[in-house]
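Below is one structure, written out as structure tokens; comments come after it.
Not measured: the values here are computed from a predicted model.
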Amino acid sequence: MTPFLKICFEALFAGGCIGLALILFRSRDRKIWGVAIAILLMMLGRIWFGGSSRYSIVMILPLICLAVMGCRLVPETLADLFPTVFRRYRVAICRFLFLALFFACIGKVLHVNRYADFLIRASQAVREDAVAYRAPLMLNFNSDASRLEYYSGVPAIACDYRGEEVTMWELEDRLESWSYFHDVLYLSRNISGREIPPETWKIGDRELTKVFSGYRNNRRSRQIVVYRYPVPSGQAVDRNNAADSLIPNYGFEEKGSSFLDEELVRRGLILRQALPVGWLPNPGQGYRAGGKMELGLDENAIAGKYSLRMKSDTPMTLMTDRMFSCQENYALQLLYRGEPGSRFHIMVYLYQANGTFERYRTESVFTVQGDGVAPFQMRLTFPPEEYQFQFRVVLTLQEGDVSFDQIRLTPWSVEL
């Protein structure tokens, strides 16, 4: 059910469609046809593309007008087509249709979802459970990430959401990718109302425990279920054998020249600092005009002589010059140091074999929690439909001040 139908009520929608059809049937004016077709296209657009309820609600006024016209035109049309039967009952039919529409809308208003507080109850269960952990994170395979985060106070990530079509591969991959800087992960998803969610759930070699389950609507057709995965302790970056990294200049020790891009100059942004060899900014993502930013090598290094420093109040990106095959799985490790509250993303850009950009994926989103040097590590995995692509590793600073060093990309066979 789209936001459009939820707000404008099925009765108004049906009445509006009937009114619009009768206007077209009874009118021979091309202007009326043009206006009616434009309204019809607007309604169909809201139905098929959905979107925010704030935009759908603007259609309620034309729907009311069309539904009222439908109630008026139905008896008139019947009287014209069958005068001997319906002409004397035109007023009665019109009043009956008005009353039917009125009571249908009243019934919709009084129809209360007794499970409407399911998000609040789920959030309360997560909030109470997360008290025992230092760095919780919630992975949401549904459309409720922002509201669950608001009510529970636990940071939430909106994972790829396609209704209830979530594969075990996706679930295992997300748990693996987000395990390294959180001591507990909560996984929230929707399931059919006919299912009985088990108390424990195995995803690969990981065992999850149910924290909450509850129906979402009166029909009990869908449930929301939240599981807890305590992340094993002791996962740290192994800095040995870093030289086998597939990323050249993994320690940012080779200094290149400053980067001068025509698009950045047009925005008034000139990166005067030297950039590391093998890394390039992407002017197409971030780098908003008027932003205050620093991007380059910093002698206050985490390791070696230089570290890469990104400082900005607006998003900025840096990507590897080299591309890598999506037919393998990889481990990505790095060291970082930043101001608390700074936020950065690990992304990949996917390219076709001829080098044409295809799309991007956000693999990890992280907020710096404290001072000092800390490790970051994750795994990059690709589904079979992406084997045809190549990818670049992308560092994206959303805001703040973060330094990076010792970026290591190794095949899956290297143990983390």
Side-chain angles (χ1 to χ4, degrees), residues 118-119 121-145 148-149 151-216 222-238 329-333 346 362-366 369 374-384 412-416:
F118 68 91
L119 282 179
R121 292 186 290 115
S123 301
Q124 182 179 1
V126 172
R127 181 172 63 249
E128 293 174 355
D129 189 84
V131 171
Y133 298 94
R134 179 182 56 84
L137 179 71
M138 189 163 12
L139 306 179
N140 293 270
F141 287 89
N142 48 37
S143 58
D144 305 314
L148 284 171
E149 179 174 2
Y151 289 127
S152 69
V154 174
I157 299 297
C159 301
D160 299 332
Y161 173 57
R162 300 182 304 279
E164 297 176 9
E165 301 176 8
V166 182
T167 66
M168 292 298 291
W169 181 90
E170 290 175 301
L171 294 173
E172 187 172 5
D173 177 64
R174 293 297 179 177
L175 287 176
E176 179 67 34
S177 298
W178 290 97
S179 292
Y180 298 105
F181 273 86
H182 303 276
D183 54 353
V184 64
L185 297 176
Y186 294 95
L187 192 150
S188 168
R189 61 180 297 224
N190 296 334
I191 63 173
S192 169
R194 295 185 297 272
E195 296 183 42
I196 301 177
E199 294 298 320
T200 59
W201 186 27
K202 293 280 289 188
I203 299 180
D205 58 351
R206 300 169 179 82
E207 184 171 279
L208 286 72
T209 304
K210 187 179 74 173
V211 175
F212 175 84
S213 65
Y215 293 109
R216 300 176 66 102
R222 286 198 305 164
Q223 300 179 69
I224 182 173
V225 58
V226 181
Y227 281 91
R228 177 185 64 243
Y229 170 57
V231 178
S233 59
Q235 298 187 17
V237 171
D238 178 10
N329 297 320
Y330 302 88
L332 180 67
Q333 302 173 328
I346 303 295
T362 300
E363 298 294 332
S364 184
V365 181
F366 187 71
Q369 302 293 333
F376 182 94
Q377 57 182 353
M378 62 177 296
R379 288 180 177 175
L380 298 178
T381 56
F382 302 91
W412 182 263
S413 58
V414 175
E415 294 293 334
L416 288 179

CA sep, side-chain torsions, deciding dist, call: Ser188, Leu139, side-chain contact (heavy atoms from CB on, under 4.5 Å): CA-CA 6 Å; Ser188 168; Leu139 306 179; over 6 Å; no
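- How far CD1 of Ile196 is from OG of Ser213: 10.0 Å, rounded to the nearest 0.5 Å.
- Using a 4.5 Å heavy-atom threshold, the side chains of Tyr330 and Phe382 count as touching.
- The two residues Val211 and Ala125 come nearest to each other via the heavy atoms CG1-O, 3.8 Å.
- Distance check, rounded to the nearest 0.5 Å: OH of Tyr133 to CG of Leu185 gives 10.5 Å.
- Scanning both residues, Ser152 and Met138, for their nearest heavy atoms gives OG-CE, 3.6 Å.
- Judged purely by atom type and a 3.5 angstrom limit, Arg379 has no side-chain atom pairing as donor or acceptor with the backbone of Leu332.
- In this structure, Ile346 and Met378 have side chains that are in contact, with non-hydrogen atoms separated by less than 4.5 Å.
- The minimum heavy-atom distance between Tyr215 and Phe118, with the atom names listed, is O-CB, 3.5 Å.
- We find the OG1-CG distance between Thr381 and Asn329 to be 5.5 Å, quoted to the nearest 0.5 Å.
- Note that CZ of Arg216 is 4.5 Å distant from CZ of Arg222, once rounded to the nearest 0.5 Å.
- In terms of heavy-atom proximity, Leu148 sits nearest to Leu119 at CD2-CD2, 3.7 Å.
- For Tyr227, there are no side chain to side chain donor-acceptor pair (under 3.5 Å) partners, not counting sequence neighbours.
- When all heavy atoms of Ala156 and Ala145 are compared, the pair lying nearest together is CB-O, 3.5 Å.
- Look at Asp144 and Arg189 and you find no salt bridge, because none of the NZ, NE, NH1 or NH2 atoms lies under 4.0 Å from a carboxylate O.
- Every residue meeting the side chain to side chain donor-acceptor pair (under 3.5 Å) condition with Arg121, not counting sequence neighbours, appears here in chain and number order: Asp117.
- When all heavy atoms are compared, the tightest approach of Glu195 to Gln223 is O-NE2, 2.8 Å.
- Contact annotation: the side chain of Lys210 never approaches that of Val226 to less than 4.5 Å [non-hydrogen atoms, C-beta and beyond].
- Looking at Leu187 and Leu208, their side chains come closer than 4.5 Å, going by heavy atoms from C-beta outward.
- Residues passing the side chain to side chain donor-acceptor pair (under 3.5 Å) test with Arg228 are Asp129, sequence neighbours excluded.
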Stepwise side-chain contact (heavy atoms from CB on, under 4.5 Å) check, Phe212 with Ile224: CA-CA 8 Å; Phe212 175 84; Ile224 182 173; 3.9 Å; yes
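- Legend: residues meeting side chain to side chain donor-acceptor pair (under 3.5 Å) with Gln124, ordered by chain and number and at least two apart, are Glu128.
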